[in-house]
Amino acid sequence: MAGNNSCTIVEYFGGDDGYRCGYCKNEKGNFSHGMWSHTMTVQDYQDLIDRGWRRSGKYVYKPIMKKTCCPQYTIRCHALKFQPSKSHKKVLKKMSKFISSGELPEAQEGGEPMDSVCEEAGPREPAKVCQSDMKRVAITDIKQEVPNCAVVADVQKNAVDSAAASSKNSQDDSASASDGRAAAKAPKPGLGADPSRPPCRKANLRKERRLQKDQNRQHGDGASPPKPACTNQPKTLEGFMSEPLEGSSSRRLEVRLVRSNPPSPQFKASFDASYQVYKLYQMAIHKDPPDKPSESQFRRFLCDSPLEAEHSPDGPEMGYGSFHQQYWLDGRIVAVGVIDILPTCVSSVYLYYHPDFESLSLGSYSALREIAFTRQLQKQSPKLCYYYLGFYIHSCPKMRYKGQYRPADLLCPETYAWVSIERCVPLLDSSRYARLNQDPDAGDARALKDVGRALVLHRRAVMPYVVYSLKRKGPSDEAEVKQYASLVGQDCAERILLYRS
């Protein structure tokens with residue numbers, strides 16, 4: 001998938017220092033490992049988020065689950081199997097009514113959780129990263145030279161098979177840990193919410209009788225008409241979203257996808273309007289002072305991305321990478337969803353919107369739109385069938401809303417297998433941290449086996465760590481490299497280039 005000139009280059013930082021938690025407001029309780037990613041392939045990032053990593057701009061971090069105050073579990077939704085809940089339908093109907101009538105609904109008391117707490121608690125601009133500007137300049141200069149190294153050429157040749165295997169293993173993990181449970185628990189079409197209760201047919205009785213009479217007339221006397229078609233199929237997510245398009249509308253809502261890295265002409269043309277919405281959002285919703293949401297901070301946080309723009313014959317038409325999904329209402333931007341399109345998922349990064357439209361529950365609405373978008377992409381790329389919502393924080397009640405987009409899985413922090421959220425909730429009710437995979441014999445399939453095979457970038461040369469360690473002068477850094485390699489896993493350690501000075 002990645003082009004011949006694509007590779008991942010990172011600088012690793014430890015996780016010794018605690019920082020402020022955005023969820024429980026503990027000043028020193030949030031702990032995570034982090035690394036600055038100068039450039040990254042979409043397959044490497046897919047593999048990293050499937051090991052609990054998450055990006056904020058170009059900074060990629062992984063919570064230290066047993067140590068941090070609010071453990072953050074990676075969560076994904078099975079987009080193809082998703083059915084909107086009653087509360088989701090209310091959000092969709094509210095938007096439909098607004099587009100039709102043009103009148104905003106009354107603001108809810110306190111707003112919805114997704115609208116008030118949608119910023120991840122990961123560090124945006126770590127001090128350590130800012131101190132490494134000299135390293136970043138050096139690496140940027142040699143990025144073009146890296147593919148010419150003999151070692152990298154060999155690695156990239158092997159990475160094609162490795163990436164394909166990683167993608168397949170990601171699907172297999174889901175089958176073994178979550179999809180393996182009884183599928184019969186899901187209600188069949190027409191049976192209502194509870195499969196053990198009979199369907200309610202009163203509302204459709206007259207319609208079915210009319211249909212039966214029409215069929216009898218068509219087939220004539222003596223003919224044996226077929227059974228009436230099921231008339232109470234649940235309306236699909238796409239069905240609810242198409243409602244505003246039917247008939248006349250007072251408002252016009254348009255969703256535009258623009259690539260943010262490298263920035264497309266459409267992204268550049270709408271940058272200022274998008275930034276102004278972000279600034280208003282941060283000040284009104286997150287109570288930031290006017291000088292905090294600066295243009296440079298906006299660029300670093302939501303526009304800069306390490307992900308390379310990549311295309312594949314069996315991938316989506318727009319390719320993989322980082323995008324802004326802009327919501328235009330009557331010719332102006334009212335909301336923006338920041339997303340990454342990866343080999344097996346659409347990953348939600350952030351959402352911001354104009355405070356005047358807070359009553360439309362745009363956080364929930366955008367998540368539903370992104371699920372529908374994932375389903376659309378899956379038609380072009382069969383492997384792309386999941387919607388990642390970031391982190392699920394069970395210990396923070398306001399962040400439990402992400403578990404409402406079902407069927408959903410949480411990532412086990414020890415085996416990195418996916419486990420259905422229904423099986424996880426009882427464990428998290430009794431303990432903030434839990435090994436979600438209850439199979440005592442299960443382990444990390446991509447655990448570090450040989451740190452010597454991890455690739456490092458040193459003085460414009462790529463080499464295995466075992467070679468670099470012999471050339472290194474000064475105290476050994478094996479403990480730090482081993483920690484990094486164990487966190488990213490053996491496969492990624494053999495593909496990703498770890499910068500060493």
Side-chain angles (χ1 to χ4, degrees), residues 1-2 6-16 33-53 60-62 64-66 139 146-147 149-170 172-173 176 343 411-417 435 437 439 441-501:
M1 178 185 303
S6 296
C7 64
T8 298
I9 305 174
V10 301
E11 287 182 74
Y12 176 69
F13 306 107
D16 298 331
H33 300 286
M35 53 189 182
W36 185 267
S37 179
H38 300 271
T39 179
M40 183 171 286
T41 67
V42 292
Q43 185 61 60
D44 284 341
Y45 186 55
Q46 177 72 68
D47 290 347
L48 287 175
I49 63 174
D50 285 340
R51 292 184 66 83
W53 292 84
V60 187
Y61 64 99
K62 176 176 167 50
I64 304 177
M65 300 291 278
K66 290 184 177 181
I139 290 182
V146 169
C149 299
V151 175
V152 173
D154 294 338
V155 170
Q156 289 177 337
K157 181 179 179 181
N158 297 331
V160 176
D161 296 333
S162 177
S166 296
S167 179
K168 183 180 186 301
N169 288 338
S170 177
D172 294 342
D173 286 344
S176 62
L411 187 68
C412 177
E414 296 184 14
T415 66
Y416 302 111
R435 173 189 163 108
N437 188 342
D439 180 358
D441 298 324
D444 177 8
R446 300 179 182 84
L448 178 66
K449 297 179 179 65
D450 183 1
V451 69
R453 298 178 62 181
L455 285 185
V456 300
L457 176 62
H458 175 61
R459 293 185 178 179
R460 299 176 180 259
V462 176
M463 64 194 75
Y465 178 72
V466 65
V467 175
Y468 161 77
S469 62
L470 296 175
K471 295 184 176 183
R472 177 181 170 83
K473 297 179 181 179
S476 172
D477 63 350
E478 183 175 353
E480 179 181 324
V481 175
K482 186 175 290 186
Q483 182 184 65
Y484 149 80
S486 65
L487 293 170
V488 302
Q490 185 73 42
D491 293 348
C492 281
E494 293 182 26
R495 294 200 308 262
I496 295 175
L497 307 184
L498 175 65
Y499 177 81
R500 309 312 286 166
S501 58

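Just so you know, these numbers come straight off a predicted model, no measurement behind them.
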Glu480/Arg500 ion pair, N-O < 4.0 Å | yes

Do Lys62 side-chain atoms and Arg51 backbone N/O form a donor-acceptor pair below 3.5 Å?
-> yes

Compare all side-chain heavy atoms of Cys7 with those of Thr41 and state whether any distance is below 4.5 angstrom.
-> no

CG/Leu455 to SG/Cys492 distance, rounded to the nearest 0.5 angstrom?
-> 11.5 Å

Taking the side chain as C-beta and beyond, is there a heavy-atom pair between Val488 and Tyr12 under 4.5 Å?
-> no

Separation between NE2 of His33 and OH of Tyr61, rounded to the nearest 0.5 Å = 14.0 Å

Shortest non-hydrogen pair, Val451 vs Ala485, comes out as CG2-CB, 4.4 Å

Heavy-atom donor-acceptor pair, Trp36 side chain to Val60 backbone, under 3.5 Å | no

Considering all heavy atoms of both residues, which atom of Arg435 and which atom of Ala442 are nearest to each other, and what is their separation?
-> NH2-O, 2.9 Å

Checking Tyr465 side chain against Glu478 main chain: does a donor-acceptor pair fall under 3.5 Å?
-> yes

What's the verdict on side chain to side chain contact (heavy atoms under 4.5 Å, CB included) for Leu498 and Tyr484, showing C-alpha distance, side-chain angles and the deciding distance?
-> CA-CA 9 Å; Leu498 175 65; Tyr484 149 80; 3.6 Å; yes

So, for Gln490 and Ala447, which heavy atoms are closest and what is the spacing to 0.1 Å?
-> CB-O, 3.6 Å

Output, in order, the C-alpha distance, side-chain angles, deciding distance and verdict of side chain to side chain contact (heavy atoms under 4.5 Å, CB included) for Arg495 and Asp44.
-> CA-CA 8 Å; Arg495 294 200 308 262; Asp44 284 341; 2.7 Å; yes

Separation of Ile9 CD1 from Met40 CE (nearest 0.5 Å) = 10.5 Å

Say whether, by atom type as modelled, one donor and one acceptor occur between the side chain of Thr415 and the main chain of Cys412 under 3.5 angstrom.
-> no

Flag, side chain of Arg453 to backbone of Pro464, donor-acceptor distance under 3.5 Å = no

Say whether, by atom type as modelled, one donor and one acceptor occur between the side chain of Ser486 and the main chain of Leu448 under 3.5 angstrom.
-> no

Applying salt bridge (charged side-chain N to carboxylate O under 4.0 Å, His left out), run through Arg446 and Asp47 and close with a yes or a no.
-> CA-CA 10 Å; Arg446 300 179 182 84; Asp47 290 347; 5.8 Å; no

Which of these, Asp50, Asp444, Asn437, sits in a side chain to side chain contact (heavy atoms under 4.5 Å, CB included) with Tyr416?
-> Asp444

Euclidean distance, Tyr468 OH relative to Met463 CE, rounded to 0.5 Å = 9.0 Å

Enclosure of Lys449 NZ (heavy-atom neighbours >12, cutoff 6.0 Å) = yes

If you round to the nearest 0.5 Å, how far is CE of Met35 from CD of Glu11?
-> 11.5 Å

Between the CD1 atom in Ile496 and the CG atom in Leu457, the distance rounded to the nearest 0.5 Å is 13.0 Å

Check against side chain to side chain contact (heavy atoms under 4.5 Å, CB included), Leu487 and Trp53 = CA-CA 9 Å; Leu487 293 170; Trp53 292 84; 3.7 Å; yes

